[in-house]
Amino acid sequence: MEQAKYIPALRFKWLTPLYDFLINITMPERKIKQALIEAANIPAGIKVLDFGCGTATLTIMVKEMCPGAKVTGIDVDREILDRATQKVKEKNLDIFLLDYDGKQLPFQRNAFDRVISCLVFHHLDTDTKQNMLEEIFRVLNKDGQLLIADFGRSKSWIQRTLFNIIRGLDGFKSTDANAKGLLPELISDAGFENVVIKKHFKTMFGEVQIISAEKI
C-alpha cells in the first residue's frame, strides 16, 4: 500500500535531530505526558499503543511508570523511529516499535486496551484525523480507552493567538480542526463515548488539552 503523506516532526526533516531538545525547552513536555499516562490508568498486563510515538519519549515513560504493561509504539516516520529505537536500546526496555503506511494500523481488531497519543493529531488533516480515529477504535478492546494530548481551542485569546505559531509551522489545513475545537467531536464521530477534556495546559504555542474517550 502506498504510504500516506505526512508532516515530519517540526515540519522539516533537517530539524528532526533537534526534536527532543526543542520540545523540551519550549513545552512542559514531561508534565503533559505524565498527566496523560496517569489519566490512562495503566495496570500490569494492559496492552498499550502509543500512536505517533515519534522519538518514543512517551512510550518510554509509559514502560518506566507502568513496567508491567505491554507497550507498542507506532509512527509513519521511519527516520524518527530510528532515533526512538536507539533510545529504547539505551534504556534496555522491552518495547515494540514499528512503522506503518499512515492509512491503516497493522493490527487486528481489539488488539489493545489503551491507545495514547501526544501532539500528533494536529499534524493530520481532518479527513486523516477521522480515518485514524476510526482505526484506533477498531484496534481497541471493548471497554478500552483512548487518551490524546494535543492542541485545542482555548478560552484564552492569548493562547489562541499563540497557536497560530504552530499553525504557521505545521500548516493551517492540518491544524484547522484543533483551532476550532473539533477534536472531541471527531472522536465521538469515530464511535467513542464519554469524550471528556480532562486537563488544560497553557504553553508558549497554545493550549494543550488531554482528552479521554471510551470504546463501550
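These values consider heavy atoms only, across backbone and side chains, with no hydrogens, waters or symmetry-generated copies.
- Nearest heavy atom pair, residue Leu147 against residue Ser212, reads CD1-CB, 3.4 Å.
- You'll find the ring centres of Phe121 and Phe51 inside the 6.0 Å limit.
- Considering all non-hydrogen atoms of both residues, Thr126 and Ala177 come closest at OG1-CB, 3.9 Å.
- The shortest non-hydrogen separation linking Thr175 to Gly171 is OG1-O, 2.8 Å.
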Would you be so kind as to tabulate the donor-acceptor pairs closer than 3.5 Å made by side chains of residues 133-140, with sequence neighbours excluded?
residue: Glu135; atom: OE1; partner: Leu105; partner atom: N; Å: 2.7
residue: Glu135; atom: OE1; partner: Arg138; partner atom: NH2; Å: 2.9
residue: Glu135; atom: OE2; partner: Arg138; partner atom: NE; Å: 3.0
residue: Arg138; atom: NH1; partner: Phe107; partner atom: O; Å: 2.8
residue: Arg138; atom: NH2; partner: Leu105; partner atom: O; Å: 2.9
residue: Arg138; atom: NH2; partner: Phe107; partner atom: O; Å: 3.2

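- Under a hydrophobic clustering in which Ile, Leu, Val, Met, Phe, Trp and Tyr are joined whenever their side-chain heavy atoms come within less than 4.5 Å, directly or via other members, Leu98 and Val120 fall into the same cluster.
- Follow the hydrophobic side-chain contacts under 4.5 Å out from Ile165 and you reach Met204 in the same cluster.
- In summary, the side chains of Ser154 and Gln159 do not present any donor paired with an acceptor at a separation below 3.5 Å, with no hydrogens or angles considered.
- A 4.5 Å side-chain heavy-atom check between Glu185 and Val195 finds every atom pair outside the cut-off.
- A salt bridge between Arg78 and Asp82 is absent, with no side-chain N of the basic residue lying under 4.0 Å from a carboxylate O of the acidic one.
- Side-chain atoms of His122 and Asp150 form a donor-acceptor pair, as typed in the model, at a separation below 3.5 Å.
- Under the 4.5 Å side-chain contact rule for hydrophobic residues, Met65 and Ile210 share a cluster.
- When the side chain to side chain contact (heavy atoms under 4.5 Å, CB included) test is applied to Asn141, the partners found at least two apart in sequence or on another chain are Lys47, Asn110, Asp113.
- Under a hydrophobic-cluster definition in which Ile, Leu, Val, Met, Phe, Trp and Tyr are linked whenever side-chain heavy atoms come within less than 4.5 Å, directly or via other members, Ile197 and Leu182 are assigned to different clusters.
- The shortest side-chain heavy-atom distance between Ile74 and Leu97 does not fall under the 4.5 Å cut-off.
- With a 4.5 Å cut-off on side-chain heavy atoms, Glu207 and Lys155 do not count as touching.
- With sequence neighbours excluded, the residues that form a side chain to side chain contact (heavy atoms under 4.5 Å, CB included) with Asn164 are Arg167, Phe172.
- The shortest side-chain heavy-atom distance between Glu29 and Thr57 falls under the 4.5 Å cut-off.
- With a 4.5 Å cut-off on side-chain heavy atoms, Asp99 and Val76 do not count as touching.
- In the displayed structure, Gln108 atom CD is contacted under 6.0 Å by at most 12 heavy atoms of other residues, nucleotides or ligands.
- Phe112 and Ile216 are assigned to two separate hydrophobic clusters, defined by single-linkage of ILVMFWY side chains at heavy-atom distances under 4.5 Å.
- No donor-acceptor contact under 3.5 angstrom links the side chains of Thr128 and Asn131, judged on distance only.
- The two residues Asp50 and Ser117 come nearest to each other via the heavy atoms OD1-CA, 4.3 Å.
- In terms of heavy-atom proximity, Cys53 sits nearest to Asp75 at N-OD2, 3.4 Å.
- Using a 3.5 Å distance cut-off with no hydrogens or angles, the side chains of Lys87 and Thr59 do not pair a donor with an acceptor.
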